[in-house]
**Student:** 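Take this structure, written in structure tokens, and hold onto it; I'll ask about it next.
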Number of protein chains: 2
Amino acid sequence: MSSGKSSAWVTSADVARHAGVSRSAVSRTFTEGASVAPETRAKVLKSAEALGYQVNMLARSMIQQQSNLVGVVVSGFDNPFLLSLLGPLTHQLALRSQAPLLMDASEPEQLSNSLRQLMQYRISGVILTSGTPPIQLAKEYLRLRIPVAMINREPLLEGVDVINSDNRQGGALAAEVLCRAGARNLVFLNVVTGTLSPSARGAAFAKALAGQVRRGAVKLRQATAGGVSYAHGFEAARQLFAEPSARPDGVFCTNDALACGLIDGARALYGLRVPEDVKVVGFDDIPMAAYEAYALTTFRQDIGALAERAVACLAERMGAPDMPSRTLELPVSLVERRSTQIPSIESTESAKAPVRRRRLVSPPV
Amino acid sequence: MSSGKSSAWVTSADVARHAGVSRSAVSRTFTEGASVAPETRAKVLKSAEALGYQVNMLARSMIQQQSNLVGVVVSGFDNPFLLSLLGPLTHQLALRSQAPLLMDASEPEQLSNSLRQLMQYRISGVILTSGTPPIQLAKEYLRLRIPVAMINREPLLEGVDVINSDNRQGGALAAEVLCRAGARNLVFLNVVTGTLSPSARGAAFAKALAGQVRRGAVKLRQATAGGVSYAHGFEAARQLFAEPSARPDGVFCTNDALACGLIDGARALYGLRVPEDVKVVGFDDIPMAAYEAYALTTFRQDIGALAERAVACLAERMGAPDMPSRTLELPVSLVERRSTQIPSIESTESAKAPVRRRRLVSPPV
DNA sequence: CTGAAAGCGCTTACAG
DNA sequence: CTGAAAGCGCTTACAG
């Protein structure tokens, strides 16, 4: 409007003047559940519209000692599963008119800085995604009475809500699927980092197999990959398949990337076929699990529900900071693909045969 | 300290009292480049430390009519390349003590809401990542004199900086690589959405081939996939390979996901071999491009540099909102893998042969 | 270099 | 339901 350099945002006073009411009335109009007469409200809305007014959240948040910002802490941006959580989280927060302030917890020396930065914005809560962000972080927030929700973490801390996929269910099902497919010499491929999800999955897997192991019907051992990625899975293939006399015929990998790497390693290094020579099960159902080249049987985590529950828990805790901790376990769903199913017809490269092998193999949408 | 319920954040007044100085002195101590005597500064710092004081960014930002928040707009969280940008962006922003406010622009009806939300926090800038966020959005911000930087977009708007990967370089190189590999019947696989990157890549590809096409040395046509994902690539295989007499022997796909889908489709539906029957080149170098199952020749975008430049451009523009637009083209690097290289030895499934085919096939780190 | 004072844009008892 | 006034925690001329 004016030719001055400043951006000249419209303020509530401008709207009040324009509408012939007080600033209080303007404020009330834009406050959920405040008492304002319908006509007043209408006038204010009209003026606000005309002037292009928007509440200055900075000022509102200052007054209320709390913003609508929620810290979303990711440790490392290299985990496809974690990244897939970002979309649903953003969406769920938006539904409650909150906004995600992204923070990277992967670099330890940068951590306390980022922590401070979040606090400086008086965030109304923090969501810690699975993996390695130190539990110490959660404690700091707790001390400041900032609500914390964690996804796929061990429920160790009093006062924080934990939303997990049901790893035990997955582990048990993995055992069932592999046994049903005829595997008898089994391996659980774990990762070195001792985070919750992998160990819970492995423990449930072992437990489900315990009876058969005791009877000598199946063999089970555990192997450890150097990390969570494809490359580590590829390397793990050497560990598992180098000795022809001791090759497992069924492997449950603690995540999909590892499983894809393992499959490729088994194929490229030792010419093994999946599922004929070795059956493989993963966890997460990342996009490439559905790729024809892997067609990996795996467990889909319900990222939508994880995000929804996390945001909901956080919201409830904002209202009642001292409510007791909750731990939720959300069901996972088994996605059976070719990596555990020996096709009924011959499956080897029969050139030119435009066969679609089975329902689940069709390309994902 | 007190037993009251409120969180009782420490304020600058508390620090001032504790240090025996004015609130102005405290403020200056925490303001970059403000003039304050070393001893005063020391006293303040000591008291702040003792009390656990941190500047309330909400208040500071309100005064300064601008926060340290930067809007990061992503349209759809299903694009692995875009997600890979998030890490570097967060990092670069942190280096300048700014923080990314994440926003999803994929749902049109939610768009203006999110837009408003960002403005309400008086963000100091916006980064639009590649893809479909409507250009309209950029205009809105521009009108409000909020600096805008776009990554991998067409440089159409005066006043916004655009940071792109050099698609032309990539397109030209793709032509060279495919021809060198012996392909003569070429296809460029585009996507329906008319965004910049795909068309620029295709145009450069075509231009590089123009001479040979004219001489009749190679054939080139364009095909269009229904979207950018693996599934669309898989479907595109039908389009390209259904007719045995008209099969291309070289395909340049506008992105990696599409290329992986195409490869799987060619293999699964028609028993074709890559690279023996058809050579494939992608773009982006997403993680799965390196997987043994695809070993896809592709172009790596320098996501670190894209992020760094975008954040830097934004920062400069904050100081000088009226500076002329800039368009940067960052070099891409060719990553040659098996999908364009016929192995010198026989490459088919010779079971049990622990061959590592070539340098570039080794698992990624 | 320093402090007292005004002001940023909002919300919230308070009194009506 | 409404408005005048106080106050949130900070920065910034201003005068010294």
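Just so we're clear, the structure is a prediction, and the values are computed from it rather than from any experiment.
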**Student:** Output the rounded distance in Å from CG (A:Leu58) to C1' (C:dG7).
**Tutor:** 16 Å
**Student:** Sort me out a list of protein N/O and nucleotides 12-16 of chain D N/O pairs below 3.5 Å, or just none if empty.
**Tutor:**
from	atom 1	to	atom 2	distance (Å)
D:dT12	O4	B:Ser24	OG	3.3
D:dA13	N6	B:Arg28	NH2	3.2

**Student:** Between the side chain of B:Arg317 and the main-chain N/O of B:Gly159, is any donor-acceptor distance below 3.5 Å?
**Tutor:** yes
**Student:** So, is A:Gln65 close to the C:dT11 phosphate, meaning a side-chain N or O under 4.0 Å from OP1 or OP2?
**Tutor:** no
**Student:** Between atom CZ in B:Arg41 and atom C1' in C:dT2, what is the gap in whole Å?
**Tutor:** 16 Å
**Student:** Less than 4.0 angstrom from a charged side-chain N to a carboxylate O is my criterion; do A:Glu140 and A:Arg143 meet it?
**Tutor:** yes
**Student:** Expressed in whole Å, how much space separates the P atoms belonging to C:dA13 and C:dG9?
**Tutor:** 23 Å
**Student:** To the nearest 0.5 Å, tell me how far B:Leu83 CG sits from A:Phe77 CZ.
**Tutor:** 10.0 Å
**Student:** How far apart are the C-alpha atoms of B:Leu69 and A:Leu69, what are their side-chain angles, what is the distance that settles it, and do they pass the side-chain contact (heavy atoms from CB on, under 4.5 Å) test?
**Tutor:** CA-CA 11 Å; B:Leu69 267 20; A:Leu69 268 19; 4.1 Å; yes
**Student:** Judged by atom type as modelled, is there a donor-acceptor pair below 3.5 Å linking the side chain of B:Ser106 to the main-chain atoms of B:Ser75?
**Tutor:** no
**Student:** Just to be sure I follow the notation: if a pair is Watson-Crick (purine N1 to pyrimidine N3 plus N6-O4 or O6-N4) or a G-U wobble (N1-O2 and O6-N3), each under 3.5 Å, what dot-bracket string does DNA chain D give, with | for pairs to another strand?
**Tutor:** |||.||||||||.|||
**Student:** In whole angstrom, give the distance that lies between atom CD of A:Gln66 and atom C1' of C:dT11.
**Tutor:** 15 Å
**Student:** What interatomic distance, in whole Å, is found between C1' of C:dG16 and the corresponding atom of C:dT12?
**Tutor:** 16 Å
**Student:** How long is the line joining CD of B:Glu39 and C1' of C:dC1, in whole Å?
**Tutor:** 10 Å
**Student:** Looking at D:dG3, I'd like to know if its phosphate oxygens (OP1 or OP2) sit under 4.0 Å from a side-chain N or O belonging to A:Ser22.
**Tutor:** yes
**Student:** So what does B:Phe30 hit on the nucleic acid, given a heavy-atom distance under 4.0 Å: a base, only sugar-phosphate, or nothing?
**Tutor:** nothing
**Student:** Out of C:dC8, C:dC1, D:dC8, which has the shortest distance to the side chain of B:Thr40?
**Tutor:** C:dC1
**Student:** Could you tell me the separation between the CE atom of B:Met62 and the P atom of D:dG9, rounded to a whole number of Å?
**Tutor:** 11 Å
**Student:** Counting only side-chain heavy atoms from C-beta out, which of D:dG3, D:dT2, C:dC1 sits nearest to B:Ser35?
**Tutor:** C:dC1
**Student:** Working to the nearest 0.5 Å, report the span between CG of B:Leu102 and CG of A:Leu102.
**Tutor:** 5.5 Å
**Student:** Tell me whether the centres of the aromatic rings in A:Tyr121 and B:Tyr121 are closer together than 6.0 Å.
**Tutor:** no
**Student:** Quick check for you: among D:dG9, C:dG3, C:dG9, whose closest atom lies nearest to any side-chain atom of B:Asn56?
**Tutor:** D:dG9
**Student:** Is a donor from one side chain sitting under 3.5 angstrom from an acceptor on the other, for A:Gln66 and A:Ser124?
**Tutor:** no
**Student:** Find the distance A:Met57:CE to D:dG9:P and express it as a whole number of Å.
**Tutor:** 18 Å
**Student:** Any luck finding a side-chain donor-acceptor pair between A:Gln301 and A:Asn152 under 3.5 Å?
**Tutor:** yes
**Student:** Quick one: does any side-chain atom of B:Asp161 pair with a main-chain N or O of B:Ala149 as donor and acceptor, under 3.5 Å?
**Tutor:** no
**Student:** Within this structure, what is the CD-to-P distance between A:Gln54 and C:dG9, rounded to whole angstrom?
**Tutor:** 14 Å
**Student:** Quick one: B:Glu32 CD to D:dT11 P, roughly how many Å, whole number?
**Tutor:** 13 Å
